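What you see is a predicted model; the values in this text were computed from it and never measured. Reminder, nothing fancy here: chain letters follow the sequence lines and each chain counts from 1.
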Number of protein chains: 2
Amino acid sequence: MEFVKIKEKLDNYIEQEGMRHSSQREEVLRTLWQSEKHLSAEELYNEVKENIGIATVYRSLNLFTECGLCNEIYFNNETTRYEISYGKKHHDHLICKKCGKYIEVRNDKIEKIQKQVARNNNFLLKSHKMDLYGVCEECQKE
Amino acid sequence: MEFVKIKEKLDNYIEQEGMRHSSQREEVLRTLWQSEKHLSAEELYNEVKENIGIATVYRSLNLFTECGLCNEIYFNNETTRYEISYGKKHHDHLICKKCGKYIEVRNDKIEKIQKQVARNNNFLLKSHKMDLYGVCEECQKE
DNA sequence: GTCTGTGCAAATTGTTTGCAACTTA
DNA sequence: TAAGTTGCAAACAATTTGCACAGAC
């Protein structure tokens, strides 16, 4: 998704909440958007630290999460990572234990069964998270 | 599983590694075993703090995890919790967002599809983790 | 000019570690 | 008696917060 759309969503939220615009927030958002990877707060901070303090990075990321722009990702007990989720469908992850790479996957069958499982337990399903851990193609060759 | 079996597994590991037995480790293990819930280190410590320090609780839990006796569980970014996994089949969790209760579930269909997904991506699957978040039967009534 | 956002440093939380005293084998 | 284990307090890492100052509207 283009950055303008993302920015617009943030701006709407900011106005709706009576908050103010700031260049720092925009820079954090753009940096996250530009990155192909899921960044941690620390990593993101390293990209912007000439202009922005770490506390602001955290505050921005929390704000983005709050307004539905981004997702917090937790793999095991590793540091929280962030991804822009706005406009993206839910996906699961294949995570390589050797190189740390992750692959996004979608599978409708699994989602169907998940709904079934929830129904069988009289559970009202809201969301889910599935991670598959293993060794990726490249790392298997080594 | 009876405690003796669990204890035996620990003792074997301890001997194999040239470590020594200790009453503290046994008490931590028994406390975890007795509990129906997945305890955090802090909660476990509260049950044994008359005899045992928090550092020993952490050291014990790490040891148990290392030797395959227990599992670390991470829900979102909450504190790590522990469950005895020895002798138990892998299971997934339904987690109630309201009361925090979790239900263990097993579903072979999902495991099959997970293997398929991994194969499609030339991924060598080692383990997985699936959490379903929602509202449990009781909490829906409120 | 008022009120929000930022940066810094200090506080907090969960967990690990160094070290002297204690236990086990 | 030699080596591993414990408890305490200090160290750590990730994140949040208090406060004075800067910036938005």
C:dG14 P sits how many Å from B:Leu61 CG, rounded? 15 Å
Expressed in angstrom and rounded to an integer, what is the separation of B:Glu17 atom CD from D:dA3 atom P? 18 Å
Tell me whether the side-chain N/O atoms of B:Ser23 come closer than 4.0 Å to OP1 or OP2 in C:dT23. no
Between B:Gly53 and A:Ser22, whichever has its closest DNA chain D nucleotide further toward 5' is B:Gly53
Return yes if the base of C:dG7 and the side-chain atoms of A:Arg59 contain a donor-acceptor N/O pair under 3.5 Å, otherwise no. yes
I'd like to know if B:Arg20 reaches the base of C:dT24 with its side chain, counting only an N/O donor and acceptor under 3.5 Å. yes
B:Phe75 side chain near B:Tyr133 side chain, heavy-atom distance below 4.5 Å: yes
Rounded to whole Å, CG of B:Asn46 lies from P of C:dG14 at a distance of 12 Å
Just to be sure I understand the rule, does B:Ile54 reach a base, reach only the sugar-phosphate, or reach nothing, if contact means heavy atoms closer than 4.0 Å? nothing
Distance in angstrom units between B:Asn77 CG and D:dA13 P, rounded: 18 Å
Expressed as a whole number of angstroms, how long is the span from A:Ile14:CD1 to C:dT4:P? 13 Å
Would you indicate which nucleotide in D:dG7, C:dA25, C:dG14 comes nearest to any side-chain atom of B:Thr56? D:dG7
Checking A:Lys9 against A:Asn12: is there a side-chain donor and acceptor pair closer than 3.5 Å? no
Can you measure B:Asn76 atom CG to C:dG14 atom P for me and round it to whole angstrom units? 15 Å
Euclidean distance, A:Ile6 CD1 relative to A:Tyr86 OH, rounded to 0.5 Å: 7.5 Å
Nearest whole Å is fine: how far is D:dT16 P from A:Glu66 CD? 11 Å
From the list C:dT15, C:dA25, D:dG7, which nucleotide is the closest neighbour of the side chain of B:Thr80? C:dT15
What is the distance, to the nearest angstrom, from the CD atom on A:Glu50 to the C1' atom on C:dG7? 16 Å
For a quick test of reading the model: is some side-chain N or O of B:Tyr58 closer than 4.0 Å to OP1 or OP2 of C:dT16? no
Between the main-chain N or O of B:Tyr74 and the side-chain N or O of B:Lys129, is there a donor-acceptor pair closer than 3.5 Å? yes
5'-most contact on DNA chain C (nearest-nucleotide basis), B:Met19 vs B:Ala55, goes to B:Ala55
Take B:Asn51 and B:Glu27 through the test side chain to side chain donor-acceptor pair (under 3.5 Å) and record every step on the way to the result. CA-CA 9 Å; B:Asn51 316 308; B:Glu27 186 174 342; 3.0 Å; yes
